[in-house]
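Heads up, the thing below is written out as structure tokens.
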Protein chains: 2
Amino acid sequence: MAAKRSGAGSKQSRRKTPSPPAGPEPGNEPALSLERIVATAVELLDTDGLDGLKMRRLADRLGAGAMSLYWHVGNKEQVFDLALDSVLEYRGPAPIDTSKDWRGDVVHMLKDWRAGMLRHPWSAFLLPRRALGPNILARLELLSRTLSRAGVADADLNVAIWSLWNYVIGATTTRASFELSDEDRAAAQQRLASLSQHYPTIERSRLLLDNDWDGAFSKGLDFLLDGLVPKL
Amino acid sequence: MAAKRSGAGSKQSRRKTPSPPAGPEPGNEPALSLERIVATAVELLDTDGLDGLKMRRLADRLGAGAMSLYWHVGNKEQVFDLALDSVLEYRGPAPIDTSKDWRGDVVHMLKDWRAGMLRHPWSAFLLPRRALGPNILARLELLSRTLSRAGVADADLNVAIWSLWNYVIGATTTRASFELSDEDRAAAQQRLASLSQHYPTIERSRLLLDNDWDGAFSKGLDFLLDGLVPKL
DNA sequence: TGATGCACTCGTACAACGTACGATTAATTC
DNA sequence: GAATTAATCGTACGTTGTACGAGTGCATCA
């Protein structure tokens with residue numbers, strides 16, 4: 001019974017030459033690998049959504065048989081985990097760790113986080129329900145360090161971090177769920193308009209129809225930071 | 001071709017007597033109805049989670065054939081929508097609409113909202129990705145009215161509402177996803193502890209191990225409200 | 001040289017799922 | 001009684017994740 005290799009390493013093969021083994025397709029497909037699987041899964045998720053990712057379809061796109069994937073990953077859940085983490089990498093402007101503008105740094109990282117997830121809307125729904133991967137932990141670590149440097153008391157640090165986390169998660173999933181194809185958009189607006197009508201205050205403020213999402217995110221974030229760090 | 005009745009009404013049958021039609025079970029099961037279906041679906045979701053709800057199992061619990069459900073609901077998605085909305089009803093302390101303590105009212109409603117969702121953790125994951133139902137809209141309307149009465153400027157109202165929404169959604173889904181059976185808890189703690197170790201600031205603040213969720217929710221909410229309504 | 005084992009691929013098969021279809025039965029209305 | 005309607009449900013189909021085990025080519029060692 002093959003022990004698979006779903007253990008930990010997830011490294012490439014130890015073959016001398018990673019040259020294509022000249023399969024049925026004469027030198028066409030570039031050989032299966034964890035990296036290719038994850039990258040293709042992300043593509044598929046982007047185009048077809050969370051429900052659009054099927055193991056067979058993923059394998060097709062890779063020019064492989066469905067069961068070949070299972071040599072590289074343990075199961076479908078793991079594909080989700082890997083795809084999610086791959087989308088959350090942060091290449092921030094953090095070479096200088098002694099930046100003066102801590103607030104700017106925080107806002108930059110959080111906006112980048114949100115933007116990345118909105119580029120891959122499925123990730124917004126995935127993040128809150130899967131275990132934390134390395135890339136998101138790295139972001140939390142950065143956030144921790146920055147806030148700590150900014151003078152947030154240790155006793156308030158966790159509350160501050162979770163508050164910002166909550167805000168970003170909530171804002172992103174909500175935005176992502178309002179995202180629709182252009183055809184559906186009209187119908188959805190229609191539905192919301194007719195719903196609003198039974199809720200006068202909502203209707204007056206056009207809560208459900210306003211779509212300056214980016215502006216609302218920024219302003220709310222400012223309010224939250226005001227509350228979290230009132231000293232400055 | 002039966003037109004079904006998935007149209008709108010979702011009312012009970014127009015039969016004279018809703019007496020059990022004396023099916024195979026001699027007067028045992030109390031007859032199918034939308035209400036029973038939704039209530040049983042909630043039970044099933046509570047015990048078996050989002051993935052545990054299957055049409056066949058739901059029908060079994062109701063003492064009915066699987067396909068009988070489809071007379072009352074259009075499809076499984078609709079079952080989710082109905083179960084979700086049924087869990088979000090708010091019976092607030094709002095007979096007096098001229099309460100002096102607007103901040104207390106807001107906090108009460110939001111805490112009740114969160115508590116309700118945590119009693120049914122699946123609802124936390126469902127809410128952000130389904131269309132808004134009547135009960136959640138009613139909560140938003142109440143929130144709107146209260147904040148407006150509290151003196152939040154119309155221009156800031158939507159930002160304030162969405163900020164609170166984001167905060168509650170984020171806090172609740174996060175908390176719900178950390179919820180685990182007691183057996184898994186030890187393993188998860190272990191995993192988090194060993195993960196933390198590569199992230200020094202996170203480790204120092206015990207971000208992932210601290211579990212005073214309720215306290216963190218309250219404090220963060222206070223900070224947010226401080227930011228949103230600095231006047232008072 | 002041949003034999004052995006490892007890294008990897010994939011065809012087949014199965015159980016579980018949502019639900020289309022149409023037969024069936026019981027109540028209501030003419 | 002005949003026709004209509006409301007409701008139930010057995011059967012069947014297509015789709016999914018994945019268990020199982022056979023197959024293939026390479027590297028190593030005898």
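Residue numbers start from 1 in every chain, and the chains themselves are labelled A, B, ... in the order their sequence lines are given, proteins ahead of strands. The figures that follow rest on heavy atoms only: side chains count, while hydrogens, waters and symmetry mates do not.
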Evaluate the ring planes of A:Trp213 and B:Trp162, with Trp represented by its six-membered ring, and classify them as parallel (under 30°), tilted (30 to 60°) or perpendicular (over 60°). tilted

Whole-Å distance between [N] [atom2] and [X] [atom1]?
| X | N | atom1 | atom2 | answer |
| --- | --- | --- | --- | --- |
| B:Asp48 | C:dC17 | CG | P | 11 Å |
| B:Asp60 | C:dC17 | CG | P | 11 Å |
| A:Arg57 | D:dG17 | CZ | P | 10 Å |
| A:Lys76 | D:dT16 | NZ | C1' | 8 Å |
| A:Trp71 | D:dC20 | CH2 | P | 15 Å |
| A:Arg56 | C:dG11 | CZ | P | 12 Å |
| A:Leu69 | C:dA7 | CG | C1' | 16 Å |
| A:Tyr70 | D:dG21 | OH | C1' | 17 Å |

Would you please indicate if the ring centroids of B:Phe125 and A:Phe125 are separated by under 6.0 Å? no

Run the side chain to side chain contact (heavy atoms under 4.5 Å, CB included) check on B:Arg114 and B:Arg175 step by step: do they pass? CA-CA 10 Å; B:Arg114 170 174 175 270; B:Arg175 164 67 196 269; 3.9 Å; yes

So if I apply the side chain to side chain contact (heavy atoms under 4.5 Å, CB included) rule between B:Trp122 and each of B:Leu127, B:Asp46, B:Leu44, which one comes out positive? B:Asp46

I want to check one thing: is the phosphate of D:dT8, taken as OP1 and OP2, less than 4.0 Å away from some side-chain N or O of B:His72? yes

Measuring to OP1 and OP2 of D:dA7, would you say a side-chain N or O of B:Ser68 lies under 4.0 angstrom away? no

Just checking B:Ala59: base, sugar-phosphate only, or nothing, at a heavy-atom cut-off of under 4.0 Å? nothing

Using a heavy-atom cut-off of under 4.0 Å over every strand shown, decide if A:Leu58 touches base, sugar-phosphate, or nothing. nothing

Side chain of A:Met67, heavy atoms from C-beta onward: which of D:dT11, D:dT16, C:dC10 has the nearest atom to it? C:dC10

